[in-house]
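Data first, discussion second: the structure below is written as structure tokens.
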Amino acid sequence: MNYSSFKTTYSDDGLSLKFKGELTLYNLMKYKKETDKIESQKEKTALINLLELSFLDSAGSIFLNNLQKELELKGYMVDIVCEDKDTLDMLELIRVHKSTTQKITKKKKRNPVEKIGEKSYKTYLGAISFMAFLGELFTHKFRYLISYKNIRFKEIAFEMNECAVKAFSIVALTSFLIGVVVAYQSAYQLKLYGANIFIVDMLGLSILRELSPLITAIVIAGRSGSAFTAQIGAMKITQELDAMQTMGFDPYRFLVVPKIVALMITMPLLIFVSDIMALLGGMLVANIDLNITVDMFLDRFNDVINIKHFIVGIIKGPFFAFLIATIAIYQGLLVKDDTQSIGLNTTKSVVESIFAVIICDAIFSIAFTNLGI
């Protein structure tokens, strides 16, 4: 067991502080309590005796440096007695380092105007960065599609299977349940006025034009969009993207463009599946709750629902797919060199994709309404 002790002796000339044994991090606290009790004395000498000190670590050196300054502030003339060269070198090193170290200033609290300005500037930089990404993407996409040899059919087929074929089940189930819920909620109101047959009009218009494209886009944003971000982000962390560029493979050509093209091709197909399943759900509720047979439902649907409503919903598909894929891939490329960043950017990609899809859908609705479509 290492021995250590500390003794304070008062005299007419001043006081003596004698350290024995080891002065380390583990015994500083008890010495600190004793040195804090030393009273102020003007023009007195304080002798710090380190002749019998056997070991001194960096924490002990800092303690002695601070003790010397505290005693000087209390009016003592401090003198250190030590014959060990290593101890003196350690004390000198701490003294020089402490004198050159600047005190860390407290971070000034910003007012709300500064916070709004900083947030707006970051948003502006993010928009500029995204526009630069789109510019580079369109350049590569144009070069990609201008020549038949540049088209990566294998990669496109693989991405179509990953982001669309495997998503058929979840899109179909979600759409079917949406059709059931919408029809069930509408049936209650229609029965009050004896307008049971008008459920076909309502379901046809709302599902074909709005609900199916929007629900499909939201499901794909949560499923495929998040997968795009996580995949690109993981490849960036593991430096696979850098390795591809080093070997002469363009990441845009082999990773980015095939994902976007595949999703733009398959999104209309997913919307078509969603249309069918949502109408089946509505047809089921109409049959059970409103006594509308399948033949009556289909006849009414054929009479009142124009083909343009189906086309409007399908046209939205490639635009929604482009927004989802580009935002997801862009967020994947922004992933930093830590695993936590993958989760944050994946969340951002899903939220921003859904927001962008809703904005795009609102623009389409206003434009088609004004055009009389």
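Remember, predicted model here, so these are calculated numbers, not experimental data. Numbering of residues begins at 1 and proceeds along the displayed sequence.
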Quiz: residues 360-370 side-chain donor-acceptor pairs under 3.5 angstrom, not counting sequence neighbours:
| residue | atom | partner | partner atom | Å |
| --- | --- | --- | --- | --- |
| D361 | OD1 | K316 | NZ | 2.8 |
| S365 | OG | E210 | OE2 | 2.9 |
| S365 | OG | D361 | O | 2.9 |
| T369 | OG1 | S365 | O | 2.6 |
| N370 | ND2 | I366 | O | 3.2 |

Which value, rounded to the nearest 0.5 Å, describes the distance between [X] atom [atom1] and [Y] atom [atom2]?
{"X": "I232", "Y": "N345", "atom1": "CD1", "atom2": "CG", "value": "12.5 Å"}
{"X": "L241", "Y": "K236", "atom1": "CG", "atom2": "NZ", "value": "8.0 Å"}
{"X": "R209", "Y": "S206", "atom1": "CZ", "atom2": "OG", "value": "11.0 Å"}
{"X": "F55", "Y": "M90", "atom1": "CZ", "atom2": "CE", "value": "7.0 Å"}
{"X": "S61", "Y": "L93", "atom1": "OG", "atom2": "CG", "value": "8.0 Å"}
{"X": "M277", "Y": "T216", "atom1": "CE", "atom2": "OG1", "value": "11.5 Å"}

| query | Are V294 and I276 connected in the hydrophobic side-chain network, where two residues link if heavy atoms are under 4.5 Å apart? | reply | yes
| task | Group every Ile, Leu, Val, Met, Phe, Trp and Tyr by side-chain heavy-atom contacts under 4.5 Å, then state whether I329 and V335 land in the same group. | result |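 Looking at the clustering, V335 is in a separate group from I329.
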Heavy atoms of other groups near [X] [atom1], more than 12 under 6.0 Å:
{"X": "K336", "atom1": "NZ", "result": "no"}
{"X": "F130", "atom1": "CZ", "result": "yes"}
{"X": "F272", "atom1": "CZ", "result": "no"}

| What residue among I271, L270, V357, V312 forms side chain to side chain contact (heavy atoms under 4.5 Å, CB included) with P213? | I271
For the residue pair [X] and [Y], establish whether any side-chain heavy-atom pair is separated by less than 4.5 Å.
{"X": "Q68", "Y": "L91", "answer": "no"}
{"X": "P258", "Y": "F158", "answer": "no"}
{"X": "M131", "Y": "L134", "answer": "yes"}
{"X": "N306", "Y": "H309", "answer": "yes"}
{"X": "C163", "Y": "T266", "answer": "yes"}
{"X": "E162", "Y": "K259", "answer": "no"}
{"X": "D84", "Y": "L53", "answer": "no"}
{"X": "D289", "Y": "K191", "answer": "yes"}

| task | Check the pair T346, Q331 against side chain to side chain contact (heavy atoms under 4.5 Å, CB included), reporting the backbone distance first and the verdict last. | result | CA-CA 7 Å; T346 301; Q331 289 295 335; over 6 Å; no
Which atom pair, heavy atoms only, marks the closest approach of [X] to [Y]?
{"X": "I80", "Y": "L50", "answer": "CG2-CD1, 3.8 Å"}
{"X": "F322", "Y": "I260", "answer": "CD1-CG2, 3.8 Å"}
{"X": "N196", "Y": "L190", "answer": "OD1-O, 3.8 Å"}
{"X": "A356", "Y": "I327", "answer": "CB-CD1, 3.7 Å"}
{"X": "G233", "Y": "I342", "answer": "C-CD1, 4.2 Å"}

| field | Audit row: L334, F133, side chain to side chain contact (heavy atoms under 4.5 Å, CB included) steps and yes/no | value | CA-CA 11 Å; L334 290 182; F133 168 75; over 6 Å; no
| query | Which is it for I324 and M267 under the side chain to side chain contact (heavy atoms under 4.5 Å, CB included) test, yes or no, and what are the steps along the way? | reply | CA-CA 11 Å; I324 293 169; M267 182 66 82; 4.0 Å; yes
| query | With a cutoff of under 4.5 Å between side-chain heavy atoms, which Ile, Leu, Val, Met, Phe, Trp and Tyr residues group with L125? | reply | Y121, Y124, I128
| message | Looking only at side-chain N and O atoms, does S212 offer a donor or acceptor that is under 3.5 Å from a partner on D275? | response |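 Yes, a side-chain donor-acceptor pair sits under 3.5 Å.
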| field | Steps toward side chain to side chain contact (heavy atoms under 4.5 Å, CB included) verdict (L323, I359) | value | CA-CA 11 Å; L323 289 174; I359 295 297; over 6 Å; no
| query | Should the ring pair F63 and F19 be called parallel, tilted or perpendicular, given that the plane angle runs from 0 to 90° and is split at 30 and 60? | reply | perpendicular
Please list, one pair per line, the donor and acceptor atoms closer than 3.5 Å that link side chains of residues 279-286 to other protein atoms, with sequence neighbours excluded.
none

